[in-house]
Participant: 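For reference, the structure I am asking about is given below.
Since we're looking at a predicted model, the values are computed, not measured.
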Amino acid sequence: MYILERGDVMGLCLFPSDGDIDGPDACFSYGGFAQFRRRLAHADGFDLDEMTGFGGDRPWAEVSTELEPFLNHPDDHSKNLSPEDCAAVLPKLDAIIGRWNSEPLDAGMGRHIEDAQQLSTVLRVCIHKNVDLCFG
């Protein structure tokens, strides 16, 4: 597990697998990561809690979303996302960021926008360098 600088809570960081320790990352507490993914799913028109693996029984095959590789990824430091998965997720993530930036902010939205922007930066590096996105 990774100790986050934000309040020293346990969580995870998403980062390019390029070995650059000074490169970009997107770090979350486990609770913050769960909230962030729920907000992304909601922005894409479905409830993450209804999905298989998140307490529900709705199969992922019933949902058409470019975010699926990211949203349906375990947050327990399992396999990485490929550069191809990153390239599939990025356009939808950027579209959601654009929508969120044009809407009035509600409680917690500012944090989600910052997290999404940081994740977008990390995905761009993964695509540019053709490296996996690590969950660590």
Participant: Applying a strict under-4.5 Å side-chain criterion to I, L, V, M, F, W and Y, I'd like to know whether V89 and L133 cluster together.
Facilitator: yes

Participant: Does H73 use its side chain to pair, donor to acceptor, with the backbone of K79 at less than 3.5 Å?
Facilitator: yes

Participant: When you compare the side chain of D20 with that of F15, does any pair of heavy atoms fall below 4.5 Å?
Facilitator: no

Participant: Go through the structure and list residues passing side chain to side chain contact (heavy atoms under 4.5 Å, CB included) with D106, not counting sequence neighbours.
Facilitator: R39, M109

Participant: Suppose we screen for side-chain hydrogen bond (donor to acceptor under 3.5 Å, both in side chains). Which residues come up paired with D18, at least two apart in sequence or across chains?
Facilitator: K129

Participant: Within the side chain of R99, is there an N or O that forms a donor-acceptor pair under 3.5 Å with the backbone of A43?
Facilitator: yes

Participant: Using the rule that two of Ile, Leu, Val, Met, Phe, Trp, Tyr join whenever any of their side-chain heavy atoms come within less than 4.5 Å, decide whether Y30 and F54 are in one cluster.
Facilitator: yes

Participant: Are the side chains of R124 and D94 in touch, meaning some heavy atoms are under 4.5 Å apart?
Facilitator: yes

Participant: Can you sort out the partners of S17 under side chain to side chain contact (heavy atoms under 4.5 Å, CB included), two or more places apart, ordered by chain and number?
Facilitator: V131, D132, C134

Participant: Restricting to pairs with a member in residues 43-53, which pass side-chain hydrogen bond (donor to acceptor under 3.5 Å, both in side chains), not counting sequence neighbours?
Facilitator: R38-D49, D44-T65, D44-K92

Participant: C126-C86 sulfur separation below 2.5 Å?
Facilitator: no

Participant: Counting only N and O atoms by type, is there a donor-acceptor contact under 3.5 Å from the side chain of Q118 to the main-chain atoms of D25?
Facilitator: yes

Participant: Find out whether L71 and V63 are in side-chain contact, i.e. whether some heavy atom of one side chain is under 4.5 Å from a heavy atom of the other.
Facilitator: no

Participant: Among all residues two or more places apart in sequence or in another chain, which pass the side chain to side chain contact (heavy atoms under 4.5 Å, CB included) test with A116?
Facilitator: F36, L93, I97, W100

Participant: Using ring-ring contact (aromatic ring centres under 6.0 Å, His included) as the criterion, list what pairs up with F33, not counting sequence neighbours.
Facilitator: F28, F70

